[in-house]
Amino acid sequence: MSFSGKIAIAGVHEYESRWAPDKTSFQIMGECARDALADAGLGLSDVDGLFCATMTMGAMGPVQLAEYLNLKPRYLDGSNIGGSSFVSHVAHAAGAIHAGLCDVGLILYGSTAASDAMAIGTGNSSGKDPSAAFVTPYGATLVSSYAMVAQRYMHEYGVTSEQLADIAVSTRHHASLNPHAKMRNPITREDVLESRVIADPLHLLDCCIISDGGGAVVVTSLERAKDLRQKPVLVRGTGEAVAHREIGAPDLTTIAAKQSGEQAFAMAGLTPADMDLATIYDSFTITVLATLENLGFCKKGEGGAFVENGGIGLGGRLPVNPDGGGLSSNHSGMRGIFLVIEAVRQLRGGLGARQVEGASLAVAHGTGGMLGQMHSGATLVLSNS
Amino acid sequence: MAEKKQNPEYEAPAIDWESRAYWEGAGRGELVLQRCRDCGVVQHRPRGLCASCLSDDIEHFVSSGRGEVYTFSVVRQNQMPAFAKAVPYVISYVQLEEGPQLLTNIVDCDPDSVSIGMAVKVDFVPTPATNGDALGVPRFVPA
């Protein structure tokens with residue numbers, strides 16, 4: 001018995017600053033909890049389900065966070081599948097609420113990645129343990145893992161650096177319309193192509209930025225959400241998946257989004273063509289192209305044509321990341337929660353210049369971990385009626 | 001030794017009983033893979049059981065060490081000190097003749113000359129002996 005259409009997102013908040021050297025990640029989560037609950041018209045005492053993941057919390061993260069917030073939830077979920085975790089937390093919260101295990105789920109994320117000067121993309125990606133020994137010696141950075149996917153896309157499908165650059169250009173244009181975005185000056189295709197190469201074929205401007213930040217999402221039943229402060233945004237479909245270095249010969253251009261997207265759209269009874277916008281984890285430009293193809297917005301090999309020349313800009317065939325995404329607005333290490341928040345804001349409406357006019361259906365897709373090595377995917381289909 | 005400049009010095013890999021045969025083989029100059037005696041699948045990275053059928057009847061064998069570049073990237077920025085001085089270097093998935101792919105470096109050539117489909121063969125770097133273990137790290141060179 002599906003929870004599709006019976007669960008709603010009632011409150012959201014995105015931490016406004018991109019630079020918070022005077023805050024801890026817990027403090028950022030606490031402030032986001034306060035503001036998302038206020039957005040919903042609820043209080044801390046209403047929360048009985050707690051969901052969280054960060055890059056720095058220990059194995060008992062949700063317990064630490066409950067202690068920090070003086071919460072005594074009856075449902076805890078600290079599952080960490082990388083940056084996509086928060087998209088999957090919405091599904092987990094929906095399932096728990098539908099099953100009667102909690103009534104109000106609070107999803108939290110906070111990070112001071114920028115003020116801690118974390119080398120997220122260009123540090124080595126693995127530690128000193130026997131399984132990491134197959135990666136660590138070779139100097140595989142996070143950027144290079146995604147770059148190897150881009151290289152394969154170029155080889156198999158003729159994707160060009162110009163097409164990837166257009167993703168960054170559209171996203172930057174969106175950021176220029178978002179007063180909170182970190183990078184707001186417009187850029188051109190040439191700016192991207194002339195920026196230095198970090199790991200071939202990805203340039204600096206093909207890569208997401210690093211910021212501080214955090215966010216909160218409040219999930220409850222549609223029944224309860226109807227009486228709250230905001231118009232409910234309905235959870236229509238959810239899906240999760242993992243893709244990794246399979247035994248044999250993996251296909252690097254087939255990513256977790258294929259499986260999670262098929263499940264989410266099937267649960268919703270909708271197709272990609274029905275969507276008015278998408279929020280997609282844009283760790284790198286190639287991530288957006290691979291995700292669009294694998295979610296089924298176009299056929300394999302057609303992603304380059306789909307994204308070029310403003311195809312994913314406001315007014316294009318499918319506006320993607322109208323908030324400016326991780327490429328230009330914010331990326332504090334694990335971006336999944338912002339995909340949910342922006343999709344909800346767009347479905348509520350009233351965002352001014354960056355509003356997708358008449359948006360009623362949206363898909364959010366998070367990628368966690370590393371394309372090219374192992375990664376998770378989580379897809380969420382949302383509607384405003 | 002031009003290729004040395006393209007790579008940092010490899011440290012001795014962390015090993016356990018699932019991976020010991022692989023790294024010891026590399027120390028002898030052999031690329032050691034696993035084959036399941038029950039279902040016949042060749043697997044990498046090594047495991048204590050077959051990840052296709054969960055049999056624990058695994059045998060080790062020496063790979064031809066030949067393959068081709070499945071994909072690659074030239075890393076031009078790495079903030080880890082050991083690698084910062086090695087850029088630009090090539091990271092790659094090599095498709096081995098026996099089936100599995102492995103993550104590795106392509107060395108002993110101009111990084112800009114590497115391409116998908118390029119024929120490569122294995123090469124080994126001994127790593128500092130620890131606890132009497134003579135281990136090594138496999139990487140690849142143009143065939």
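A note on names: the letters A, B, ... follow the listed sequences, proteins ahead of strands, and every chain is numbered from 1.
Residues A/Ile198 and B/Arg76 have side chains not in contact (no heavy-atom distance under 4.5 Å, counting atoms from C-beta outward). Side chains of A/Gln151 and B/Tyr70 form no contact here, defined as non-hydrogen atoms less than 4.5 Å apart. Taking 4.5 Å as the limit, every side-chain heavy atom of B/Met80 sits out of range of all side-chain heavy atoms of A/Thr136. A/Val149 places none of its side-chain heavy atoms less than 4.5 Å from the side chain of B/Thr71.
If you measure heavy-atom distances from A/Leu202 to chain B, you find no contacts under 4.5 Å at all. Of the atoms belonging to B/Tyr22, it is side-chain heavy atoms, and not backbone ones, that fall under 4.5 Å from chain A. Heavy atoms closer than 4.5 Å to chain A are found nowhere in B/Thr127, neither backbone nor side chain. Only the backbone of B/Ile15 has a heavy atom closer than 4.5 Å to any heavy atom of chain A.
In this structure A/Phe306 satisfies the ring-ring contact (aromatic ring centres under 6.0 Å, His included) test with no other residue, sequence neighbours excluded. By the ring-ring contact (aromatic ring centres under 6.0 Å, His included) test, A/Tyr109 is found to be paired with A/Phe86, residues two or more places apart in sequence or in another chain being considered.
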Apply the test side-chain contact (heavy atoms from CB on, under 4.5 Å) to residues B/Phe72 and A/Asp200: give CA-CA distance (whole Å), side-chain angles for both, the deciding distance (0.1 Å), then the verdict.
CA-CA 8 Å; B/Phe72 72 100; A/Asp200 299 51; 5.6 Å; no
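Listed here is the closest heavy atom pair of B/Gln77 and A/Thr141: O-CG2, 4.0 Å. Minimum heavy-atom separation, B/Val75 to A/Ser144: CG2-CB, 3.7 Å.
With values rounded to the nearest 0.5 angstrom, A/Ser145 atom OG is found 6.5 Å from B/Ile91 atom CD1.
The residue among B/Asp16, B/Leu102, B/Ile116 with the most heavy atom pairs within less than 4.5 Å of chain A is B/Ile116. Counting heavy-atom pairs closer than 4.5 Å to chain A, the top-ranked of the candidates B/Ser115, B/Pro138, B/Ser73 is B/Ser73.
Atom CE of B/Met118 has more than 12 neighbouring heavy atoms from other residues, nucleotides or ligands inside a 6.0 Å radius. Heavy atoms from other residues, nucleotides or ligands lying under 6.0 Å from NZ of A/Lys23 number more than 12.
Ring planes of A/Phe134 and B/His44: perpendicular class, angle over 60° (limits at 30 and 60°).
Annotation: cation-pi pair B/Arg139/A/Tyr138 absent, no NZ/CZ under 6.0 Å from the ring centroid and within 45° of its normal.
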